[in-house]
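I have placed the structure first, in the form of structure tokens, so that the comments after it can refer back to it.
From a predicted model like this one, the values you see are computed outputs, not experimental measurements.
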Amino acid sequence: MEEKATFSNYKLQKGDLIRFISGGGGGYGNPYERDVDLVLEDVLDGYITVDEARDCYGVVIEKSEKSFKINNIETKKLRQKYK
């Protein structure tokens with residue numbers, strides 16, 4: 001098996017089998033129903049910003065000097081608007 005990190009002009013032969021593996025995706029379900037702790041983990045891991053957590057998932061996260069914290073009251077208010 002040969003692995004290539006990017007697309008190329010590699011010629012395929014009849015009967016060759018190829019597999020594409022891609023990162024990310026659109027997901028499924030209502031993003032406003034996603035577990036708030038998982039959204040916070042995505043912020044902590046650098047996958048999304050605090051603004052994206054609010055705008056895309058309806059999770060209000062406050063940043064203090066040393067940590068991030070979910071504002072459950074504001075999150076509940078925001079999520080009720082979009083149900």
Let me see the working for Leu78 and Val60 under side-chain contact (heavy atoms from CB on, under 4.5 Å), right down to the final yes or no.
-> CA-CA 8 Å; Leu78 183 58; Val60 179; 4.1 Å; yes

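- With sequence neighbours excluded, the residues satisfying salt bridge (Lys or Arg N to Asp or Glu O under 4.0 Å) with Asp51 are Arg54.
- Taken to the nearest 0.5 Å, the CZ atom of Phe68 stands 6.5 Å off from the CG atom of Leu44.
- Both Val50 and Tyr57 belong to a common hydrophobic cluster when Ile, Leu, Val, Met, Phe, Trp and Tyr are linked at side-chain heavy-atom distances under 4.5 angstrom.
- Between Ala53 and Ile61, the closest heavy-atom pair is CB-CD1, 3.9 Å.
- For the residue pair Arg34 and Arg79, the shortest heavy atom distance occurs at O-NH2, 2.7 Å.
- Side-chain N or O atoms of Glu41 include none that pairs as donor or acceptor with a backbone N or O of Leu38 at under 3.5 Å.
- For the pair Pro31 and Cys56, the tightest heavy-atom approach, listed with the atom from each and the gap, is CB-O, 3.4 Å.
- Contact between Val36 and Ile70 at its shortest, heavy atoms only, is O-CD1, 3.5 Å.
- At a threshold of 4.5 Å between side-chain heavy atoms, the hydrophobic network of Ile, Leu, Val, Met, Phe, Trp and Tyr places Val59 and Ile48 in one connected group.
- The side-chain hydrogen bond (donor to acceptor under 3.5 Å, both in side chains) test applied to Asn71 returns Glu62, not counting sequence neighbours.
- In terms of modelled atom types and a separation under 3.5 Å, the side chain of Asp55 and the main chain of Glu52 share no donor-acceptor contact.
- Salt bridge annotation for Asp16-Lys11: absent, with no cationic side-chain nitrogen under 4.0 angstrom from a carboxylate oxygen.
- In this structure, Lys76 NZ and Asn72 CG are separated by 10.0 Å, a value rounded to the nearest 0.5 Å.
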